[in-house]
2 protein chains.
Amino acid sequence: MSIKQSSIDRIRHVSFFNKCDDSVFKTAVSGAFLQTFPEGTTLLIDGEPVDFLYFVLEGSVELSAGWKSKDTTLAILRPVSTFILAAVVMESDALMSATTLERSEVLMIPGESLRRAMRENAQFSFAVSEELAACYRGLVRAIKNHKLRDSTERLANYLVTQTARQDNAAQITLPHEKRVLAALLGMTPENLSRAFAKLNKQGVSVSGNIVKFDKMDALKRLARPAPTIDNHYKQSEQLDGKASTERQRGGHGTETDAIY
Amino acid sequence: MSIKQSSIDRIRHVSFFNKCDDSVFKTAVSGAFLQTFPEGTTLLIDGEPVDFLYFVLEGSVELSAGWKSKDTTLAILRPVSTFILAAVVMESDALMSATTLERSEVLMIPGESLRRAMRENAQFSFAVSEELAACYRGLVRAIKNHKLRDSTERLANYLVTQTARQDNAAQITLPHEKRVLAALLGMTPENLSRAFAKLNKQGVSVSGNIVKFDKMDALKRLARPAPTIDNHYKQSEQLDGKASTERQRGGHGTETDAIY
DNA sequence: CGTTTAGTTGAGCATGCTCAACGGTCGTGG
DNA sequence: CCACGACCGTTGAGCATGCTCAACTAAACG
């Protein structure tokens, strides 16, 4: 086997693999290999054929797309996430580019292995359908977030989501540089600054990548998080192990960090 | 059987059903029924549980979502299209509302029937995965269309896509009221008017729902349609029957009319 | 004929972007 | 140890895109 057992273990319990038989799993990952890339490596280009399903095991990967000299960030993936599943299932070209934001460990499994496992096993195929459905719904949420909220509201909701993920503390650490966060939220770095400034009234104070919350209720009143847009609702279920497959999922793969 | 054979026939050759066995198909559609709704009927509400997979057989259906008194149109479906597949696969709540735009014939099949067919047959399950992957990719295209293009560019590309669908003629008929088209393209009716006016320079002239093209090359130069955003490229393949599953597909189901 | 509705046009405004200047931090090299 | 440069982040000014509101036209329908 060309990949470390530890890597296998890490994806074994992720999303669509976690309930399949060992034999199906073995088929699906046959020919997989692990690779480490430096920061700024382009793994995938918009419009090019896709031969592998990717898993981010360490580091982070940005998914983006461009047109006519404009560029937009679609998502940022952190461990453990998959990406480009849809293109692999359809055997077609990528619709977005993927670039490492830092030194990253990536597991690549041949598309044909995955498809073979799907064709051979209905349970597994169903699980992949569920994963794709969850990704689809993540995208729908992202579109709604983007079209129905202005930049300040998106930031406010991002912060509320992050507090939910970070133990509901009165203080969180931003997981990205602010420029990256701005891209994620669909705004310029300048406007992110201004959005943070506006949230002062709601008791939000920033220094470096630490954000403190003085008036969480006021922030939530502005953010007005909604179950049909945001995905941090069943947080309490995380503890008892009954979390739905959909929980905390982005639009592109498991454990995706907030979209836009 | 509670539904007319003609309705069955119409979905038998659509997307994920067209290559499955009769027995699988029979399982999938067991308990299905056909219903006709007047204009303005709400079929599905944002946040409510979903029990059926829907097919639009006649008329048209708008998918929309709202938050804090804002509303946005996500897609408009025309025959023959499916919708809400992702929620059915995951047995979860709808993320968008569905409303008839006119008197419409809708076929509803119980979610459990579909899921049972998927669990029993890997081929079928794979086909559903392909459908979901295609829907996902339609949404990615929609997001890119929306974030990378301004309103005039979106209209220009919409028009180019429509000409491709309408025989590449120098004149097309708009399939919707302009207010509906505006919602579809993510702008106000006022701005749609202005966008049409701007396209005068590119030889576009409108009267009623007839749009004529004087300088198709100029329009295309402005629109700059791209294979990774627009989906009218493999048009030629339609004729020889080798059209990819993905062709002319929107983000929410088969035969969806342009998203955004 | 009025009445209604779709569409257009104009004026003013809001959100968000660009460009430019400036401050603060960190790492490097003198 | 300090000086310098590179880079991130912030702030301000001006501009562009798109929205709202209102008036007006034209076609459809009673």
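Letters go in sequence order (proteins before strands), and every chain restarts at 1.
- Remark: A/Arg78 does not engage A/Glu58 in a salt bridge, criterion side-chain N to carboxylate O under 4.0 Å.
- Salt-bridge check for B/Lys144 with A/Asp46: passed, with a basic side-chain N closer than 4.0 Å to an acidic carboxylate O.
- Atoms NE2 (A/His146) and C1' (C/dT15) sit 12 Å apart, rounded to a whole Å.
- Here the P atom of nucleotide C/dT18 and the CZ atom of A/Arg179 are 13 Å apart, to the nearest Å.
- Atom CG of B/Asn200 is separated from atom P of C/dT9 by 9 Å (rounded to the nearest Å).
- Summarising the geometry, the separation between CG on B/Asn191 and C1' on D/dT17 is reported as 8 Å, rounded to the nearest angstrom.
- No donor-acceptor pair closer than 3.5 Å links the side chain of B/Arg154 to the backbone N or O of B/Asn145.
- Rounding to whole angstrom units, NZ of residue B/Lys70 and C1' of C/dT15 are separated by 10 Å.
- An OP1 or OP2 oxygen of D/dC19 is reached within less than 4.0 angstrom by a side-chain nitrogen or oxygen of B/Thr188.
- With salt bridges taken as basic N to acidic carboxylate O contacts below 4.0 Å, one links B/Glu153 and A/Lys68.
- When the side-chain nitrogen and oxygen atoms of B/Ser193 are compared with OP1 and OP2 of C/dT9, none of them lie within a distance under 4.0 Å.
- Between A/Phe83 and A/Phe52, the gap from one ring centroid to the other reaches at least 6.0 Å.
- Comparing A/Lys198 and B/Pro189, the nucleotide of DNA chain C nearest to each residue sits closer to the 5' end for B/Pro189.
- Residue A/Leu181 contributes atom CG, which lies 11 Å from atom P of D/dT10 at whole-angstrom precision.
- Between the CG atom of A/Asp150 and the P atom of D/dT20 there is a distance of 13 Å, given to the nearest Å.
- No donor-acceptor pair under 3.5 Å is formed between the side chain of A/Ser81 and the backbone N or O of A/Val56.
- Using a 4.5 Å heavy-atom cutoff, the side chains of A/Thr228 and B/Asp93 are not in contact.
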Between protein and nucleotides 19-24 of chain C, what N or O pairs are separated by less than 3.5 Å?
unit_1, atom_1, unit_2, atom_2, d
C/dC19, N4, A/Glu190, OE2, 2.9

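- Spacing between atom CZ of B/Arg149 and atom C1' of D/dG18 amounts to 18 Å, rounded to whole angstrom units.
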